[in-house]
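Below: the structure, in C-alpha cells.
Letters go in sequence order (proteins before strands), and every chain restarts at 1.
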Amino acid sequence: MDSNLKREIILDNYSHPYNKNIDNVEGYIKVNSNNESCIDNIDLYLKIDDDIITDVRFDGEACAISTASTSIMIKNLIGKSIDEVLKYIENFEAMLEEKEYEDTDFNEAIVFDETYKQGNRRTCVTLPYVGIKKAIKEYQDNK
Amino acid sequence: MNREDFPMLNQDIIYLDNGATTFKPKCVIDAMNDYYTKYSANAHRGDYDISYKVDVAYENARKNTAKFINAEPEEIVFTSGATDSLNIIANGFFKNILEAGDEVLITLSEHASNVLPWFKLSRDLGINVNYIELDSNLHVTINNVKKAINPRTKVISLAGITNVVGDERPIKEICRLAHDNNIFVVVDGAQSVPHKPTDVKDLDCDFLAFSAHKMMGPTGVGVLYGKRELLETIEPVSLGGGMNESFDSIDEVYLKDIPIRLEAGTQNIAGVIGLSAAIDYIQRIGLDNIDIHEIRLKKYFMEKIKDIKHVHVINEECDSGIIAFTVDDVFPQDVAYYLNKYHICVRAGNHCAKILKNAIGVKNTVRVSLYIYNTESEIDRLVELLSDKMRIIREMI
Ligand SMILES: Cc1ncc(COP(=O)(O)O)c(C=O)c1O
C-alpha cells in the first residue's frame with residue numbers, strides 16, 4: 001500500500017475513532033491497557049456472547065498510532081469468534097515482528113505492515129491487542 | 001555554553017530532556033576513566049599506594065560534595081541516587097520514630113520516589129499521608145502549608161523544584177514554620193540541586209536527597225544529606241563490609257561512625273569520583289550562571305512562541321528551565337514522536353496526571369527541560385518545528 005494512503009487511513013481512524021464511546025457498556029468486560037514507556041492509556045470494553053465478540057468499545061487517551069490501531073482492531077474483531085480472534089492476533093503480531101504471516105482479514109490493519117521499521121512505535125500498535133488478550137483470558141477463566 | 005565539553009553534542013541532536021538525565025562533560029568521563037585505568041582499587045581497606053589513592057579521592061569527593069551544599073563531610077552519605085536516599089530516609093529514620101496516626105505531608109506533584117516510600121510506611125505503621133494543597137499554578141504557598149499542618153504532622157517531604165512544571169518551593173520558610181511546630185523537613189533536591197545554589201545550613205532542612213546524573217555526573221550515584229544528629233540515629237538498612245568495626249558474635253557487632261556506617265559494601269567509587277568532577281565543573285561555571293542561562297532561554301522561548309496560537313505553555317511563571325506545553329489537537333506523545341524525527345529529544349508525560357488534570361484541565365503535556373548546553377538556535381529550531389500545526393499532524397505518524 002502506498003504510504004500516503006496508509007497515513008490517510010491512520011489519520012482518519014485517529015480523528016474519527018470507531019466505537020470510542022462507552023455510553024452503554026453494562027455487562028461488558030472492562031480491561032485497561034497502558035504502555036510502560038509512554039503515556040498511552042486506554043480502557044477496552046468487550047461484549048462476548050457464546051464465544052463470539054459481539055461488541056468492543058473504548059475510551060482513554062493515546063497517541064495517533066495507538067488510537068488508530070484500536071479503532072481498526074475493533075472494526076476487525078466484531079463478529080469474530082474467540083478462536084478467530086486469537087488466530088488474527090497471532091498473524092497480526094507475526095506481521096509486526098517481520099515474521100511470516102497470513103492476512104486473516106486484516107483489512108485496514110495492513111497499514112501497520114512496516115511498523116517494524118520503527119521499533120519504538122510497535123508498542124503503540126500492539127497496545128489494544130494487549131488489552132484484548134487480557135479480556136479474553138478473563139472471559140475464559142470465568143467460564 | 002561550553003558545548004565543546006560534551007562528547008554527546010558531537011551528534012546531530014537537540015537534547016531537551018535534562019529533567020530526566022543530563023549529558024556528561026569530558027572531564028567527568030575522564031575522571032572516572034582515570035580511576036578505572038590508573039588506580040582501580042577498593043576504598044577503606046588498602047595497604048598499598050593505589051588503594052590509599054582511592055581513599056583520598058573518595059573522601060575528597062565527600063568533602064567536595066559537602067562544600068557544594070554547605071554541609072559537613074560527615075553529613076554526606078553516598079547512595080545510588082535520589083530514590084535510594086529517599087528510601088533510606090523513610091525506612092532507616094522515620095520508620096523508627098513514627099507511630100500510627102502520625103502524619104506525613106507531601107503534595108500531588110511529588111515524584112514517585114517521594115510518594116511510594118511514604119505509602120509503604122503508611123501500610124507498615126498506620127501513619128497518614130496527606131497533601132498540601134497546591135494553588136492554581138500548582139505552587140506550594142506558605143499559607144497552604146500553614147493550613148495543612150496539625151498536631152499530628154511529623155514530616156513535610158517536598159521537592160525543592162518539581163519535575164512536573166518546575167515550580168520552586170519556599171523551602172526555607174517551610175523549614176522555619178515546620179521546626180516551630182516540631183516537624184521534620186525532607187527535601188527532594190533531584191531537580192533543584194543541579195540548577196540552583198543549595199545551602200542546607202541556610203535552608204535548615206533536615207534531610208536532602210539528590211542524584212549525580214541530573215547534574216552532569218554519572219548514573220548510579222547520589223547523595224543523602226542529613227543533619228549529623230539525625231544521621232547518627234539512622235538504623236542502617238543495609239549491613240555488610242566496610243561499615244562494621246568488628247563482630248565477634250551475634251551480640252557483639254560494632255558499627256563504624258557515620259557516614260561510613262551507612263555505606264555498606266563496596267561503593268560506587270567511580271561514580272563518586274565522577275560526581276565530584278561534576279561538582280567541580282559546575283562550580284567553575286557557577287550555579288548562578290546556569291540558573292540565569294536557563295531562565296533566559298525559557299524567556300526566549302516564551303517570546304517566540306507567544307504568536308503561535310496552537311501551543312499553550314502551562315507554566316510560564318515558573319522560574320526554572322522547565323517548559324510544559326500542549327499543542328491543540330495533538331497528543332503530547334505524538335508531538336514527541338514528531339520532534340524525534342528531527343532529532344529533538346523532549347519528554348511527553350502525565351508527570352503527575354491527577355493534579356494536572358484536576359488543577360488546570362490538562363492531563364498530559366510535552367516537557368522541555370533545559371541545561372547549560374542548550375542554545376537559542378536550538379530553541380529557534382524547536383519553535384520553527386512547532387509553528388505549523390498541520391505539519392505536525394502530517395508528520396507525527
Ligand atoms: C523530583 C524528582 N525526585 C526524584 C527523582 C528520582 O531520581 P533518580 O531516578 O535519579 O533516583 C527524580 C527523577 O526524575 C525527580 O525528578
Side-chain angles (χ1 to χ4, degrees), chain A residues 1-17 20 22 32-43 58-73 96 108-128 130, chain B residues 13 17 19-21 109 111-112 116 163-165 310 314 324-358 360-369 386 388-397:
Chain A
M1 194 187 280
D2 158 63
S3 64
N4 279 330
L5 183 56
K6 282 184 187 171
R7 186 187 309 277
E8 231 171 83
I9 292 173
I10 290 172
L11 280 181
D12 188 46
N13 276 281
Y14 175 54
S15 327
H16 311 285
K20 188 172 185 218
I22 49 165
N32 175 266
S33 191
N34 65 65
N35 241 335
E36 264 172 44
S37 60
C38 68
I39 52 180
D40 294 338
N41 193 332
I42 57 169
D43 289 324
F58 80 110
D59 193 21
E61 288 202 53
C63 68
I65 299 275
S66 278
T67 304
S69 177
T70 308
S71 168
I72 292 169
M73 178 195 80
L96 293 180
E108 289 179 329
I110 202 76
V111 298
F112 299 117
D113 66 348
E114 287 183 312
T115 306
Y116 63 82
K117 290 180 184 163
Q118 298 166 274
N120 58 344
R121 302 227 71 173
R122 199 155 57 196
T123 49
C124 309
V125 179
T126 53
L127 181 79
V130 173
Chain B
I13 196 172
D17 192 18
T21 197
S109 53
H111 189 272
L116 298 180
N163 62 317
V164 184
V165 292
H310 55 269
I314 64 159
F325 64 92
T326 58
V327 179
D328 283 343
D329 307 320
V330 188
F331 192 60
Q333 194 82 50
D334 289 320
V335 177
Y337 284 130
Y338 161 74
L339 292 173
N340 177 53
K341 289 191 176 164
Y342 297 94
H343 312 291
I344 297 182
C345 312
V346 300
R347 186 72 165 269
N350 52 9
H351 311 299
C352 204
K354 213 165 156 185
I355 48 153
L356 283 177
K357 189 180 180 190
N358 295 347
I360 43 177
V362 177
K363 202 169 179 180
N364 292 300
T365 61
V366 182
R367 185 187 71 184
V368 162
S369 46
L386 290 174
D388 180 351
K389 190 174 93 176
M390 288 326 290
R391 177 179 181 186
I392 302 177
I393 292 175
R394 214 167 43 241
E395 297 184 9
M396 70 190 181
I397 48 176

With rounding to the nearest 0.5 Å, note down the distance linking CD1 in B:I397 to CZ in A:R121. 8.0 Å

Approximate separation, where rounding is to 0.5 Å, of A:I10 CD1 and B:M396 CE: 9.5 Å

If you measure from CD on A:Q118 to NZ on B:K341, what distance do you get to the nearest 0.5 Å? 6.0 Å

Hey, could you give me the CG/OG1 distance between B:D334 and A:T67, rounded to the nearest 0.5 Å? 7.5 Å

Are A:C124 and B:Y337 close enough, and set up right, to give a side-chain contact (heavy atoms from CB on, under 4.5 Å), and what steps lead you there? CA-CA 11 Å; A:C124 309; B:Y337 284 130; 3.3 Å; yes

To the nearest 0.5 angstrom, please state how far the CD1 atom of A:I39 sits from the CZ atom of B:F331. 4.0 Å

A:R7 and B:E395: which non-hydrogen atoms are nearest, and at how many Å? NH1-CA, 4.2 Å

Looking only at A:S15, A:A62, A:A64, most heavy-atom pairs under 4.5 Å shared with chain B are made by A:A62

